[in-house]
Protein chains: 2
Amino acid sequence: MTKFDEATQAIRVDETTYDVCLDPGYSIGGPLNGGYLMAVILRAVVDSSPHEHPVTTSAQFLRAPVPGPARVRLEQIKTGRTATMTRATLVQGDGQGEKAFIETLVTTATLTDATPDWTDAPAAAMPPVEECVKLPDPKPESNMTFNAQIDMAFDPPTIGWLTGSPTGRPEGRAYFRMAEPQDPDPYILALAVDALPPVVFSAGARGWAPTVDLTWHLRALPAPGLLTLLGSGRMISDGWFDEEVEVWDSAGRLVAQSRQLARVGRG
Amino acid sequence: MTKFDEATQAIRVDETTYDVCLDPGYSIGGPLNGGYLMAVILRAVVDSSPHEHPVTTSAQFLRAPVPGPARVRLEQIKTGRTATMTRATLVQGDGQGEKAFIETLVTTATLTDATPDWTDAPAAAMPPVEECVKLPDPKPESNMTFNAQIDMAFDPPTIGWLTGSPTGRPEGRAYFRMAEPQDPDPYILALAVDALPPVVFSAGARGWAPTVDLTWHLRALPAPGLLTLLGSGRMISDGWFDEEVEVWDSAGRLVAQSRQLARVGRG
């Protein structure tokens, strides 16, 4: 079992409750990465479902949970031949003090390795991986433990904001894999769709950009190898921005699509 | 009060329940249009919220409700200064027989008329409205009553499938307004994001294409006048397809963004 598999483990208590333990290794300056938290929730949802894959996940982020024990509460809303729909809530606290931190609606189904009937080209072109660059290691006091879990190589202009040269538009592009070698799977895709720095950094914004809603679709099971993350946004307005991420696998297939609506950080 | 306002009215019973009456005038061959059903749900959500606008809505479609009385059940998950998150469920049937038909998670907030800090160009160009074309009137026996509620003028190639000439890619583009004159508002945008024929028709598919998940974001309050709907898809695979719709208002502002994951119809 890899460290990621262990960090996302969900242990069945009964048909509506799973115990989980949120790993401090996925911190981004304090709060835990939203993709990591979705992966934890999806472990419980898929284990409880007669279907194998989380094809759609809509998550609303209410508050930031702390590392340590937590639970996933499940309510199966409908199950049929093709799909099962489940409400899953990540909670922390005991008894009367139990509080919801993330609310999700998840549809599980079973994907096959069918060839797509039609597929568009990737949303953007990537330079070869050897021309891409890594982020500098975060300072230990920044509590960016998440960065050590993943290995990302960025399309250089999209991290120009780091050195004072943002491109002026919301975007981010990178090759992605786990730092500890592991073939990508749907849980790693949950992590991947929320792994880029907020796309608004490239448009000149800064600071913690809290996600309000993140919806992603698993479109195919990823082939082994590097993933490509193509992130963009359509509008920054009134304190809100959208961030879309497409994930392509090493075989050139679109494997995941996400869109989140988030708040622009202050400062 | 317009017919649309009446058809989407939600009457407060108590803080967690609203009575609604589903209008047979929004049928698309039997089932009611999903955007209409979202508009009904959002009336209840917004009425119960301290905030004015439904900025994100994630809806999972479980079953097709029938025209007639129904209820919206609400659970307020969190409320704060900026936003309120609500779970809202459309139900029909009485007592023990009550069943959920649509499950939603909705974030309400209050948008201002701020100028966007940054905005991209529309996803596609539209010909002038006088070069666009309407769909032929549906046969009465088709039970397509929805078509009479709206007034749409299509970018001609994107309805070439009607006359045996699909473009070969998932797309659909049209100008949109209500048949009964009414300025667009967030509820009309809920209708608009699900008003185009399924984009897969343009790629050669046919038949009822049931939506599994539709998530949409209200990005700004629409100006009076015509709306422009730009629909597209990224992949058709394994019986699933995605459909993205951008809605632009007459002032040239992006006012709504949606993505749905749906099943390809058979036949």
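So you know, we letter chains A, B, ... as the sequences are listed, proteins then strands, and number each from 1. Quick note: numbers below take in every heavy atom, side chains included, and nothing from hydrogens, waters or symmetry partners.
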TODO: Select one option (side chain, backbone, both, neither) describing which atoms of B/Val55 are under 4.5 Å from chain A's heavy atoms.
DONE: both

TODO: Counting only heavy atoms closer than 4.5 Å, note whether B/Pro210 contacts chain A via side chain, backbone, both or neither.
DONE: neither

Open item on the list: By the definition side chain to side chain contact (heavy atoms under 4.5 Å, CB included), identify the one residue from A/Leu261, A/Asp238, A/Ile236 that meets it with B/Arg219.
Closed with: A/Leu261

Task: chain A interface, residue from B/Asp113, B/Thr104, B/Thr107 that has the most non-hydrogen pairs under 4.5 Å - done: B/Thr107

Task: Heavy-atom side-chain contact between B/Phe241 and A/Asp117 under 4.5 Å - done: no

TODO: Name the region of A/Gln257, side chain, backbone, both or neither, that has any atom closer than 4.5 Å to a heavy atom of chain B.
DONE: both

Open item on the list: I need the single residue from B/Glu103, B/Gln60, B/Arg87 that forms a side chain to side chain contact (heavy atoms under 4.5 Å, CB included) with A/Arg87. Which is it?
Closed with: B/Arg87

Open item on the list: Quick check: do A/Arg169 and B/Trp118 have side-chain heavy atoms less than 4.5 Å from each other?
Closed with: yes

Task: A/His217 and B/Arg259, any side-chain heavy atoms less than 4.5 Å apart - done: yes

Open item on the list: Go through it in stages, so that I can follow the logic: the residues are B/Arg234 and A/Leu254, the test is side chain to side chain contact (heavy atoms under 4.5 Å, CB included), and I'd like the CA-CA distance, side-chain angles, deciding distance and then a yes or no.
Closed with: CA-CA 8 Å; B/Arg234 302 287 293 145; A/Leu254 177 62; 3.8 Å; yes

Task: Value rounded to 0.5 Å, distance of OG1 in B/Thr79 from CG in A/Leu62 - done: 11.5 Å

Open item on the list: Report which part of A/Ala121 has an atom under 4.5 Å of a heavy atom belonging to chain B: side chain, backbone, both, or neither.
Closed with: backbone

Open item on the list: Need one label for B/Glu244: side chain, backbone, both or neither, based on atoms under 4.5 Å from any heavy atom in chain A.
Closed with: side chain

Task: Interface residue of largest heavy-atom contact number with chain A, from B/Asp242, B/Thr89, B/Thr119, B/Val212, under 4.5 Å - done: B/Asp242

TODO: Hey, could you give me the CD1/NZ distance between A/Ile77 and B/Lys99, rounded to the nearest 0.5 Å?
DONE: 14.0 Å

Open item on the list: Can you tell me which of A/Val264, A/Thr115, A/Leu111 forms the most heavy-atom pairs within a distance under 4.5 Å of chain B?
Closed with: A/Leu111

Task: B/Ser258 versus chain A, the contacting section by heavy-atom distance below 4.5 Å - done: backbone

- [ ] Name the member of A/Ala83, A/Pro170, A/Ala114, A/Ala203 that forms the most heavy-atom pairs with chain B at distances under 4.5 Å.
- [x] A/Pro170

Task: Largest heavy-atom contact set with chain B, pairs under 4.5 Å, which of A/Gly80, A/Ala100, A/Pro116 - done: A/Pro116

Task: Side chains of A/Asp213 and B/Ser58, donor plus acceptor under 3.5 Å - done: yes

Task: Max heavy-atom pair count under 4.5 Å with chain B, selected residue of A/Thr215, A/Leu105, A/Val200 - done: A/Leu105

TODO: Please state whether the side chain, the backbone, both or neither of A/Ser232 comes within less than 4.5 Å of a heavy atom of chain B.
DONE: neither

Open item on the list: With rounding to the nearest 0.5 angstrom, report the CZ to NZ distance, B/Phe61 to A/Lys78.
Closed with: 12.5 Å

